[in-house]
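Proteins get letters first, then strands, A, B, ... in listed order; numbering begins at 1 in each. As the structure is a prediction and not an experimental result, all values here were calculated from the model.
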Amino acid sequence: MKTIIPVGPYHPLQEEPEFFELEVEGERVIKLNIKLGYNHRGIEKLSESKHFDQVTFLVERICGICSTSHPLAYVIAVEDLAGLEIPLRAKYIRCVIGELERIHSHLLWLGLAGHFLGYNTIWMWAWKYRETVLDLCEQISGNRNHYAMLRIGGVRRDIINDEIDGMKKKASTLISALNMFKGAVMDDPVIGVRTKGVGILTKQMAIDYCVVGPTARASDIDIDVRRDSPKNTAYDLIEWNVPVLKDGDVFAKVVVRILEMLESVSIITQSLDKIRELKEGDIWAEVRDIPAGEGIGTYEAPRGEVFHYVRSDGGNTPYRHKIKAPSYTNVLSNEVAVIDGDIADACITLAAVDPCYCCTERIQAVENGKSKYNWKELLKLSQEKTEKIKKCYENYKR
Amino acid sequence: MIVFYYIIFPGFLTAFILGGIASWTERKLTAKIHARVGPPFLQPFYDIIKLFIKEVTIPDSASKTIFMLSPIIAFASVPIVATIVGINFLNPEYGFNGDLLVCVYLLLIPSIAIILGSSASGNPLASIGASREMKLVLSYELAFWAALTVPIIRTNTFRLSDLMEYQVLNGATAGSWSGIIAFIVAIICIQAKLARVPFDMPEAETEIAGGAYIEYSGALLGFFKMSQYMMLVVLPVFLLQIFWGPLNSPITILKYLLLLFIIVLIENTNPRLKIDQAVKFFWFGLFPLGIISIILAVLGM
């Protein structure tokens with residue numbers, strides 16, 4: 001007999017609104033229906049009403065965790081549009097802040113994955129070591145999250161050369177912690193039983209669903225934007241590897257992220273070394289105006305490729321700004337990954353792509369292969385709804 | 001007098017207060033392992049008070065009598081065990097032949113009440129929780145009974161007071177090979193009876209959002225919580241009484257704390273198992289171990 005088990009819209013598994021309908025027979029999952037769209041904020045439209053510098057801070061608010069990836073992809077897009085080359089020191093600083101964000105995001109996910117498995121000790125310990133990363137971010141940018149480090153043409157704040165030794169020491173404490181997690185996860189038999197062979201996303205499925213980031217790299221797809229198109233960042237000047245695993249199960253996704261964090265620490269130390277050799281203060285290129293044209297910016301966010309497209313008509317606001325976030329494609333791949341597991345497997349599989357809904361929400365109503373609403377109709381719908389709510393409220397007041 | 005035993009000492013009130021303290025100890029230890037601060041001493045009691053002053057919501061889809069009755073059944077059964085166990089080492093004549101079996105059956109009732117209550121609530125997640133609890137009961141009871149057979153064989157009695165007397169004369173049951181194996185099996189079984197990680201799949205918060213308890217709120221949830229507190233003290237003491245007695249010395253408290261520490265340690269160093277893995281673990285891992293200990297006991301080791 002078929003039963004529907006709702007995971008969402010509000011469910012302790014995932015702290016953001018989303019809706020997974022698990023169709024189960026007993027405990028076995030036979031189908032998954034994914035319903036997104038609880039969290040639409042209209043950032044793209046909003047961006048068209050702000051001038052180019054303000055948009056950097058707007059897109060930072062898309063997601064609290066990827067708060068460097070989105071602005072970085074955006075400023076790269078604008079720099080592509082304007083044909084800007086930025087100073088070397090700024091490139092290295094971008095690498096440092098981007099990798100710090102990656103470590104903090106992966107540690108956050110690792111902790112949550114532990115929590116989802118009922119292993120709360122991993123949760124608390126991962127978040128304890130995440131504090132070190134947040135401290136480093138605060139030291140560099142003044143903020144623990146939402147670093148506001150980026151601007152078109154460079155970065156907004158410099159790293160002080162005298163502080164680099166202390167930062168490197170802090171970063172090196174992460175290595176022992178990460179190695180501890182690596183041991184704890186890879187050698188624990190019970191974690192192995194719960195994650196090995198669970199929620200397998202084969203290479204073919206991964207290609208079919210166009211997954212990106214660690215989810216793809218755990219399924220034997222060797223892609224990484226940082227290596228493949230290191231535009232206006234210094235990743236091509238640093239030695240590092242892209243860890244790729246073959247199995248595609250939850251275990252591979254855990255291990256790939258831990259290995260990635262170790263690579264990130266290495267990138268940070270190398271970048272800091274290079275920064276020390278460069279002159280302090282040379283962190284941005286002068287930008288006078290943004291010409292008409294279009295530009296593309298991509299960056300490897302902790303969850304995969306972030307894509308920003310900016311079109312300018314020569315004015316001081318973007319004419320069109322299109323954002324594609326990685327979770328949207330990754331979440332959909334669950335459709336095949338959870339089939340034939342049981343509910344417990346499905347839950348950890350849903351969480352294993354590290355879904356982040358605040359950047360994924362889009363609306364597109366399609367009927368018979370055609371888009372149902374255009375912008376004006378959507379606006380009208382929205383206004384009608386507002387009117388209705390207002391009327392309700394007035395009735396209520398009476 | 002019986003009413004006094006049941007309600008005040010060593011029944012409900014004693015078990016509840018000790019259980020609250022045990023629960024605080026557990027939470028504080030967990031916090032220390034997690035590198036957190038942990039709750040204040042009276043937190044378990046605050047929780048209960050809070051639950052009792054909250055509104056009770058009963059879902060429309062529930063069959064109301066069973067839904068409301070099952071927390072009370074769970075709550076009522078545990079103090080009986082506390083009374084039997086407690087009275088046996090205060091006043092051994094009050095024991096009766098077969099009270100060991102009665103205790104084991106009574107300890108099963110909270111699980112059955114959870115199954116009843118969650119099935120009656122009409123929530124799909126609760127029904128998953130109920131089915132998991134059912135499978136879990138079926139799996140751990142087998143190993144638990146196998147473990148309990150060992151002291152029965154060694155002492156040739158079903159009476160708790162005789163078991164105690166035997167241990168006073170011959171030393172603890174857990175001091176022998178068969179006894180220690182059976183004791184370890186029983187400790188892992190009470191981990192499942194207490195629904196602690198790795199066997200907390202009936203309530204698995206991140207999978208089925210509290211599962212069996214999802215529809216319970218207010219006082220009804222409070223009753224379940226209270227029975228859990230009491231179980232946390234009654235079950236380990238019951239095990240100590242039959243495996244690691246005698247209990248009539250202050251060292252008992254240390255023994256109990258050691259047992260509690262083991263429970264907390266298992267809870268915090270393991271992820272949650274899946275239900276089929278748990279069944280396999282109990283039937284093909286622990287049950288054969290129990291059989292081995294029975295064979296050793298028959299051989300007199």
Side-chain angles (χ1 to χ4, degrees), chain A residues 1-8 10-15 20-29 111-129 131 184-185 188-196 198 250-251 254 341-351, chain B residues 26-27 29-38 119 122-136 188 191-192 195-211 213-214 264-281 284-285:
Chain A
M1 207 186 75
K2 199 172 76 178
T3 323
I4 288 184
I5 297 296
V7 178
Y10 296 98
H11 189 277
L13 178 68
Q14 277 152 356
E15 49 293 319
F20 297 110
E21 261 181 13
L22 296 174
E23 293 184 10
V24 296
E25 269 173 356
E27 286 240 357
R28 200 172 66 90
V29 179
L112 284 177
H115 174 56
F116 298 151
L117 286 174
Y119 201 160
N120 287 346
T121 312
I122 283 208
W123 180 23
M124 292 296 164
W125 281 57
W127 285 28
K128 183 175 124 189
Y129 290 107
E131 281 301 300
V185 170
D188 192 315
V190 192
I191 291 186
V193 172
R194 278 304 308 273
T195 55
K196 276 183 192 162
V198 168
V250 176
F251 186 72
V254 180
D342 49 31
I343 296 172
D345 285 343
C347 288
I348 185 64
T349 312
L350 290 179
Chain B
E26 186 203 2
R27 286 160 76 166
L29 275 175
T30 309
K32 287 281 169 246
I33 295 171
H34 286 175
R36 289 190 281 120
V37 179
S119 313
N123 183 308
L125 293 174
S127 71
I128 296 275
S131 96
R132 286 184 179 188
E133 178 82 34
M134 227 180 289
K135 289 169 195 159
L136 193 63
I188 298 174
Q191 192 83 13
R196 293 295 191 271
V197 182
F199 307 113
D200 70 331
M201 44 300 236
E203 45 193 293
E205 183 206 327
T206 49
E207 289 164 19
I208 50 175
Y213 301 105
I214 190 166
V264 174
L265 211 58
I266 297 176
E267 186 184 348
N268 284 301
T269 48
N270 282 296
R272 184 186 309 121
L273 282 172
K274 289 194 301 189
I275 188 70
D276 54 329
Q277 289 164 346
V279 175
K280 270 180 206 148
F281 174 73
F284 305 116

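- The greatest number of non-hydrogen atom pairs below 4.5 Å with chain A, out of B:Ile128, B:Val197, B:Asp276, B:Ile275, is found for B:Ile128.
- Taking the six-membered ring where the residue is Trp, A:Trp127 and A:Trp123 present perpendicular rings, their angle passing 60° and hence far from 30°.
- The two residues A:Phe251 and A:Val185 have their closest heavy-atom pair at CE1-O, 3.8 Å.
- The part of A:Ile4 that comes within reach of chain B is its backbone (N, CA, C, O), which places non-hydrogen atoms under 4.5 angstrom from that chain.
- For A:Glu131, the side chain to side chain donor-acceptor pair (under 3.5 Å) partners are A:Arg144, not counting sequence neighbours.
- Of all non-hydrogen atoms in B:Lys274 and A:Ala344, the two that sit nearest each other are CG-CB, 3.8 Å.
- Applying the salt bridge (Lys or Arg N to Asp or Glu O under 4.0 Å) rule to B:Asp200 yields the partners B:Arg272; only residues at least two apart in sequence or on another chain are considered.
- In terms of non-hydrogen atom pairs under 4.5 Å with chain A, the most contact-rich of B:Leu273, B:Thr30, B:Thr269 is B:Thr269.
- For chain A, the option among B:Met201, B:Arg132, B:Glu267 with the highest count of heavy-atom pairs below 4.5 Å is B:Arg132.
- In this structure, chain B has a heavy atom under 4.5 Å from the side chain of A:Asp188, while its backbone stays farther away.
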